Amino acid sequence: MSIVHESARSTSVAVHYGAGTIAAPAQVPTCDTCGTDEHLIYEEYVPARLAIRGSDAEPANAAYSCSECGRFSAHVVPASWCPPNWSFYR
């Protein structure tokens, strides 16, 4: 994986899979309907990690819903982002 562009709200990443490349925008979670992250409930977060096979990295992902409007979303997030007050247990 290689980062192509990064800003405060989004990052463009190019994910390399064998012969092809898939561009996936990494965005900080925000409810598209409400226009805020104030009511988000984070259901799943997987940080950026090394791929099982090869040396490429897998991008960070988040799944969340909005408690205000009920909208659900899941997508790639910037590697430097994590949900507020999120912690991993060992």
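In this text, all values refer to a predicted model and were calculated from it rather than measured experimentally. Throughout, numbering of the chain's residues begins at 1 and tracks the sequence.
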Open item on the list: Using a 3.5 Å distance criterion without hydrogens, assess whether the side chain of R49 forms a donor-acceptor pair with backbone atoms of P59.
Closed with: yes
Task: Among S67, S73, C69, the one residue meeting side-chain contact (heavy atoms from CB on, under 4.5 Å) with C31 - done: C69
TODO: Please determine which of L40, T33, T36 meets the side-chain contact (heavy atoms from CB on, under 4.5 Å) test together with C66.
DONE: L40
- [ ] Can you see which heavy atom on V77 is nearest to which on N61, and at what distance?
- [x] CG2-N, 4.0 Å
- [ ] Mind listing the closest non-hydrogen atom pair of A79 and A60 along with its distance?
- [x] CA-CB, 4.4 Å
Open item on the list: Restricting to side-chain hydrogen bond (donor to acceptor under 3.5 Å, both in side chains), what partner residues turn up for E43, sequence neighbours left out?
Closed with: S65
Open item on the list: Once side-chain hydrogen bond (donor to acceptor under 3.5 Å, both in side chains) is applied, do any residues pair with H75, and if so which ones, sequence neighbours excluded?
Closed with: Y64
Open item on the list: Using ring centroids (six-membered ring only for Trp), state whether Y42 and W86 fall under 6.0 Å.
Closed with: no
Task: Contact list for residues 59-79, test salt bridge (charged side-chain N to carboxylate O under 4.0 Å, His left out), sequence neighbours left out - done: D32-R71
